[in-house]
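This is a predicted model, so every value here is computed, not measured.
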Amino acid sequence: MLDPKLLRDNPDKIRKMLEARAVNFPLDQLVETDKERRALIIRTDELRKKRNEISVEVARKKKASEDAAKLIEQMRSISEELSKLEELQTETEQRYTKISLSLPNLIHESVPIGKDESTNREIRGWGKVPIFDFKIRDHLDLTQSLDLVDLERAAKVAGARFYYLKNKLVKLNQSLIQFALDFLSDKNYIPVQTPYLINRSSMEGAIIAQDFEDVIYKIDGEDLYLIGTSEHAVAAMHSDEIIDSKNLPIRYAGVSPCFRKEAGAHGRDQKGIFRVHQFDKVEQFVFSRPEESWDEHERMLSIVEEFYQKIELPYRIMLLSSGDLGKVSAKTYDLEAWMAGQNSYREIVSCSNCIDFQARRLKIRFRDRTDEQPQYLHTLNSTLVATARTMVAIMENFQTKDGHIAVPKILQKYIGANII
RNA sequence: GCGGGGGUCGCCUAGCCUGGUAGGGCGUGGGAUUGCUAAUCCCAUGUCCGUAAGGACUCGUGGGUUCGAAUCCCACUCCCCGCGCCA
């Protein structure tokens, strides 16, 4: 949600953003509805004022045991008119909210303008792409020959894009989670394991309407949705709260499974466990003062880079262009890891500053002193590790000539082995 | 799932029975007073509309009764206590 004042004072700024994102949005309709709703507020406020004045008079007369019948008759007609207007107001308010909830976030000035991923900008790279002196295999091949993943039975039991992890891959999955949590704890992040199902109003705080269709699973007959990432549950943690600024920034290490419908991804990445309906993730989520959020954003990215250097995965950092940017984010870096089996870099991390967009939706504010106007804070989120994709990268990059997988040094003590 | 108790401004609390402008304390900021500090006293302290003056709203949420609801009625929700079931 954007600052409603922007809608009135500078709609062109919003128009520019929509253009840069190449998004169709009924901006004029929103501006019009905002006008309607404000006019209605003024009219109902006036009527209420009148009613309150008469009500005080009624009370006074009754106390003095005078006749108030005439006034009460007036009250009756005001109340009648008011309830009609209120109905109209509620309807207008709902219409306004519905449209404004689907309005995407503003874009930071450093974001390159461009229509899709082809205009993303490479910021830097790290590590050497491995060179093999044997014929390499992709991760699907490796998981089948080493009996690490059962896709056929998962398809039978749950459907496409599900999987059974088996044997040492189960341990690798746990090791990545454990290492990630230790790593963030050392940096004073607060570990938090979230609810995996949350209600609609919480979900609406973190995502935009279209995502309900494309990514989010709903529990039939309940006001419950499976989280697409712990970000959704952590963001809503402090909804409707005013946070004492001396507690900022609040840095959480969220851990949870992630559930995604992947609607519209038919045919893409069908192989193996790269694009799946369920995976585990450790996530950085930060509540920050507005003036500190851009530094915080860079800090989160540097933490991500340190992590992947420790597990020795070659990567490059991409700055997403306006057309590829998520609707709730003002600026996003992706980390793309080298995947030998696909001979390309693939996205495994997304690091975003959502500025005050989620905070407005969730009413998360802060202040320095208790007599001060509270103001919206900024929220940021970044993957630390999404296990399925990171395991794909590890398997493909660390494969050995004899068809096994070397375990990155830092994970060996967690998994209790140096080869899979 | 059943029975009982509860949810009031950032925090704590009064008001609810008996309907008529939501009061007090803490915290925080400002001011007064005072060698300094402390204590004391005064003012401010949520959201929305409005350039402003000002006004409206706000008592877990949503309905209802009433001229008028924090207060009465109904439903839902969350927390606490007891019982039941249960990994």
Side-chain angles (χ1 to χ4, degrees), chain A residues 1-11 30-101 193-205 219 221-225 233 236-248 250 257 287 289 356 359-377:
Chain A
M1 190 178 288
L2 305 184
D3 187 346
K5 286 196 184 79
L6 198 60
L7 192 67
R8 286 169 230 169
D9 302 341
N10 199 355
L30 185 63
V31 170
E32 200 46 48
T33 311
D34 180 47
K35 272 186 199 149
E36 274 175 50
R37 79 172 246 283
R38 278 151 61 213
L40 279 165
I41 287 171
I42 290 169
R43 282 174 65 196
T44 51
D45 273 9
E46 271 169 9
L47 269 177
R48 287 203 191 97
K49 183 188 176 188
K50 219 189 222 169
R51 189 193 59 183
N52 290 345
E53 282 167 357
I54 297 172
S55 178
V56 168
E57 193 57 16
V58 170
R60 194 193 60 77
K61 283 207 171 198
K62 288 236 166 180
K63 245 181 209 160
S65 30
E66 292 170 31
D67 178 31
K70 236 184 192 167
L71 289 176
I72 286 175
E73 200 42 54
Q74 256 188 69
M75 288 277 280
R76 205 187 302 270
S77 75
I78 288 173
S79 290
E80 231 169 79
E81 194 184 343
L82 192 57
S83 70
K84 272 183 213 150
L85 266 181
E86 275 171 344
E87 206 174 302
L88 185 60
Q89 193 189 350
T90 308
E91 185 268 322
T92 310
E93 210 73 58
Q94 280 169 354
R95 200 149 37 89
Y96 173 79
T97 306
K98 195 178 170 197
I99 305 171
S100 84
L101 278 178
Q193 188 166 347
T194 72
Y196 304 156
L197 299 107
I198 62 177
N199 60 35
R200 180 157 189 122
S201 82
S202 297
M203 193 63 97
E204 272 174 344
I219 302 297
E222 310 253 359
D223 180 28
L224 285 173
Y225 299 79
M237 247 175 112
H238 292 290
S239 56
D240 293 310
E241 289 183 23
I242 298 174
I243 293 168
D244 189 333
S245 70
K246 65 172 178 276
N247 296 321
L248 295 177
I250 304 176
F287 297 89
R289 296 183 70 99
D356 60 355
R360 278 180 191 283
R361 293 170 156 241
L362 291 161
K363 297 193 183 65
I364 312 172
R365 294 167 298 170
F366 77 97
R367 59 183 170 192
D368 297 308
R369 303 191 315 256
T370 54
D371 69 323
E372 206 177 53
Q373 285 273 332
Q375 54 176 313
Y376 291 107
L377 45 69

Problem - Flag side-chain contact, heavy atom, 4.5 Å: A/Arg289 against A/Ser245 - result: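 Yes, close enough: below the 4.5 Å cut-off.
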[X] [atom1] - [N] [atom2] separation (whole Å):
X: A/Lys363; N: B/rG10; atom1: NZ; atom2: P; value: 14 Å
X: A/His238; N: B/rG10; atom1: NE2; atom2: C1'; value: 15 Å
X: A/Arg37; N: B/rC48; atom1: CZ; atom2: C1'; value: 8 Å
X: A/Asn199; N: B/rC78; atom1: CG; atom2: C1'; value: 12 Å
X: A/Leu40; N: B/rC48; atom1: CG; atom2: C1'; value: 14 Å
X: A/Gln373; N: B/rG29; atom1: CD; atom2: P; value: 17 Å
X: A/Leu82; N: B/rC57; atom1: CG; atom2: P; value: 9 Å
X: A/Arg48; N: B/rA56; atom1: CZ; atom2: P; value: 10 Å

So, is [X] close to the [N] phosphate, meaning a side-chain N or O under 4.0 Å from OP1 or OP2?
X: A/Arg38; N: B/rG50; value: yes
X: A/Asn52; N: B/rC57; value: yes
X: A/Arg367; N: B/rU45; value: no
X: A/Arg8; N: B/rC49; value: yes

What interatomic distance, in whole Å, is found between [atom1] of [M] and the corresponding atom of [N]?
N: B/rA22; M: B/rC9; atom1: C1'; answer: 9 Å
N: B/rG84; M: B/rG4; atom1: C1'; answer: 15 Å
N: B/rU13; M: B/rG63; atom1: C1'; answer: 29 Å
N: B/rC59; M: B/rG46; atom1: C1'; answer: 13 Å
N: B/rA70; M: B/rU8; atom1: C1'; answer: 7 Å
N: B/rG62; M: B/rG7; atom1: C1'; answer: 16 Å
N: B/rG6; M: B/rA44; atom1: C1'; answer: 32 Å
N: B/rC73; M: B/rC83; atom1: P; answer: 29 Å

Practice task
Identify which nucleotide among B/rG46, B/rG55, B/rG20 has an atom closest to any side-chain atom of A/Asp45, counting heavy atoms from C-beta outward.
Solution key: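 Comparing B/rG46, B/rG55, B/rG20 against the side chain of A/Asp45, the answer is B/rG55.
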Completion exercise
Dot-bracket assigned to RNA chain B with the 3.5 Å Watson-Crick/G-U criterion, [ ] for crossing and | for other-strand pairs, is ((((((((.[[[[.)....(..]]]]((((((.......))))))((((....))))..[[[[[..)....]]]]])))))))....
Handout entry: Sidechain-backbone polar pair: A/Arg43 side chain, A/Leu85 backbone, donor-acceptor under 3.5 Å
Key = no
Fill in the blank from the handout: Nucleotide by nucleotide, nucleotides 62-73 of chain B touches protein heavy atoms under 4.0 Å in the pattern (B base, S sugar-phosphate only, - none) -----BS-----
